[in-house]
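Letters A, B, ... mirror the listed sequences (proteins, then strands); counts begin at 1. What you see below is based on every heavy atom in this structure, not just the backbone, and it leaves out hydrogens, waters and symmetry mates.
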Amino acid sequence: MSADRKVVRAVDPSQIAKHFDPADVQARFNERWEEEGTYAYDPSASREDSFVIDTPPPTVSGSLHIGHVFSYTQTDVVARYQRMRGKNVYYPMGWDDNGLPTERRVQNYYHVRCDPGTPYEGGLALEAATAKQRKGPARLVSRKNFIELCEVLTEIDEQAFLDLWQKVGLSVDWTQEYRTIGDRARTLAQHSFLDLWRKGRVYTQFAPTMWDVDFQTAVAQAEVQDRELPGAYHHLEFGVEGGDESFVIATTRPELLPACVGVTAHPEDERYEHLFGRNAVTPLFFAPVPIFPSELADPEKGSGILMVCTFGDATDVLWWRDEGLAMRQVLGRAGRLMPVRFDADGSEGFQSLQPDKANAFYEQIQGKRVKQAQAAIVELLADPAGSATGSRPPLCREIEPIQHPVKFYEQGDTPLEYLPTRQWFARLLDVKDEMLAKGEEIQWHPPFMHARYRDWTENLSLDWSISRQRYSGVAIPVWYPLDAEGERDYENPIVATEEQLPVDPTSDTPPGYDESQRNQPGGFAAETDIFDTWFTSSLSPQIGSHWVLDPERHAKLFPADVRPQAHEIIRTWAFYTIAKALLHENQIPWKHVLVSGWVLDPDRKKMSKSKGNTVTPVPLVEKHNADSTRYWAASARLGVDTAFDEGVFKIGKRLVTKIFNAGKFVLSQQGPAAPVSSELDRAFVASLRELAAQATRDFDDFNYAHVLQNTETFFWTHFTDTYLELAKPRARRFVDGECDGEDEALACGSAIAALRLGLDVLLRMFAPTLPYITEEVWSWVFAEEKGQPTIHRAPWPSEADFAEIPAPENPASFDLAVAAFTAINKCKADHEVSMGREVERLVLCANPATLAAAGPVLADVFAATRCREHRLHEDAALEDGVFEAREPSFAPKPPKR
RNA sequence: GGGCGUGUAGCUCAGUUGGCUAGAGCAUCUCGUUUACACCGAGAGGGUCCGCGGUUCGAGUCCGUGCACGCCCACCA
């Protein structure tokens, strides 16, 4: 070897820990990454050079779930890839800490209820309620105290999430943290409202709305879900005014009988045709109500004729509106039957042909909740005195149990009711077509998720109800003028000015008024409602970009590149975010939606607290390590639900250990610095190059799982099990003192260079998924050698890594070497000798073409298998590329030292 | 009731545009251990690719149909 040849810088393996210690490595690098701002967004970079992520702000009041780790890690893998591609990655974290879920958690945690009538108590600090306290009535606290409790608890909850994110190594830029209850989010949500108001996109209306009687608030169509519940048909006999006819209706809600305002059947139903235009008489309350035909009545269902109430369901609302029926509201906002009076002329809304009897009956159900009222009215219906036709009891047939879908607020426990209330709405029905067009412009991953959005949008039937009668949230920036009688003028609300934002109408004064005029006739009154929490979170891209607060920044961050999210909230979060971007700026909010799948329990059932099959993430991440956990998450493709399998964590752990050991071996090889020149090395590099190209294509399509799988397979089968073993003897020649000639030096140097290139490229390909082990191995040599202190800012492998290296003479060289290597290993296994055992001699057989083609790499094979003497034998019967090792004789087992 | 997805080895999953003599890991069995790694290595066994029908020279892959499971949605009589 010539004297001027440089020797590669190698690590001393004794300086490296015997085993990989994840806890130490995680702590060390988390600190360093934060110090060095490894993941910081650079606001000066151009839009084209940036990659913008609209991170889902987790609902902090929800419990930590293994699904969080799963989906957020998947996004992080994409973020890390883009960063290595040289993109300036904007990767923020927001906390969704306003809205009903927060309130519900506060109510449960402290066992309190908000009561706006209770006076404020300064310095109120509560502990989590004890089991004993929970048995008693909830403590009433003022609105202000309640909101303060929300603040305190969400901060605790946010810390738990933050800890988890750091435990799994999310490469979030923590300087870009936001809260949906924070000032910026408030300002922008209120600005959104102002903009929509100016554009005529929001309006207020008194109308029947879906109402949760426990939370006592309106809810939107998107937050409603059906639950299959047992119910029962009750068959009630109705009379007909001015005759002795009767008919029987079937109802599942007999308690709404006093609210009956009409009766309907299908127009072509011969049984009831003759009744249209006449009045029916209700049992118990003797209310005369019109009988009208409707296409919506199904002759097959129940008895084919049914009662219309204010309001039993959405169809009742339609009939009530279309037929101009009376309003007889019996159900109050708290879900109890309100006091009402029946009289002969209906002057108070409740007409009855026999008011005394009607009132007597009603008194028995008044004040009861829906379920109790139902039980009570069933008893009353057995009383012949309540009959509208004669002396038979009006409940005329056995109660028939059924299972039927009932609407619930998705966070609620009691069925929803339709109550007439005043609400704010955003007009979405008239932009359906534009919404659908925007959906086409967005790339959905996987593509079938687009159908979820399209179906929901096409079937939208109500405008978006954006007001909530709650406390923790962003205030609707509106006041109402009061007339001389002190009545609110809802037609002419006073909307806040941009300069006032963020504004709280309950303490701030509307423009042109004086605080002394609050709640005075001729003065003003505050809107006390808050926004639906989605009204704020649908602005997450704009909250990140600062929107109107910083137009220059907004231009660089909006629209975002990707929105990662779960599929069950396509109809809410994705849908509303698209709506906002459309209505405000006629834009799409992001170019790609990445829809993650779910983690199912091992029996492929959805995990839920009630089933007790949830997995708590923190102990799991601690038991395995961050990289293994990330390996598990990144193994699942987008949109695919995965059964939870702890075995996958173990495989990840094994991979991490292997990377550690392979890295230690490769980087401790000392030898001449030389280019990759030997045929086997060139063939190995050629396959590595192909792997990298494929991985880049996959990653550009967000197919991180494919990249991981292919890289892992390559690492194991092409690198550690084969190439590393085949190149090992040659790489060691220098240390073994067998590198005297120039050719030997070049061959040794070639092996070391190719091993290092293999490790270097594979580390970078693993880096997005396994940030800790790759950073650790990177830090031993590459960080200094390449002048890049962190692998997470190193360039993603590209053609540039391979440009200097000549293509192999024969592209099949690598596979041929492996085939020969495998044949000799199999021979050793068949003879039950160790892989390391020396072979005195053997005969390697293959067909003539194969043998000839493998010529240039066989020396490495014989060296790796420790064959001292060998003979090649042409056997034309063997297929191309197949080797067999025959007639071996093995050296004696060396004595144990 | 409508829409979408899934169904491949005992388990968890890959299988691009139809070329498969169907793969990987785990688990099982056999063998092997001084020098990167027992958190290891070599080898073996294991499958009517959910059923049925069709298109094709050829189907795990495309079409039709049925079944099972899951999810989303739907007008509570």
Among the nucleotides B:C75, B:C72, B:A74, which one has an atom lying closest to any side-chain atom of A:Trp598? B:C72
Proximal nucleotide (of B:C26, B:A36, B:G43) relative to the A:Ile651 side chain: B:C26
Proximity to RNA chain B (any heavy atom under 4.0 Å), residues of residues 707-724 of chain A only: A:Gln709, A:Trp716, A:Thr720, A:Asp721, A:Leu724
Ring centres under 6.0 angstrom apart (A:Phe311, A:Trp211): no
Pick the C1' atom in B:G1 and in B:G18, then give their distance to the nearest Å. 36 Å
So which nucleotide from B:A36, B:C76, B:U33 ends up closest to the side chain of A:Lys728? B:A36
Assess whether one donor atom and one acceptor atom, taken from the side chain of A:Lys658 and the base of B:C37, lie less than 3.5 Å apart. yes
Nearest to side-chain heavy atoms of A:Thr657, which nucleotide of B:G5, B:C72, B:C39: B:C39
Which residue, A:Asp313 or A:Gln225, contacts RNA chain B at a nucleotide closer to its 5' end, judged by nearest heavy atom? A:Gln225
Is A:Glu725 side chain donor-acceptor paired with the B:A36 base, going by distance under 3.5 Å alone? yes
Base-pairing assignment for B:A68 (Watson-Crick or G-U wobble, both under 3.5 Å): B:U6
Could you tell me how the ring of A:His718 sits relative to the ring of A:Phe714: parallel (under 30°), tilted (30 to 60°) or perpendicular (over 60°)? parallel
Between B:C4 (P) and A:Asp641 (CG): distance, integer Å: 17 Å
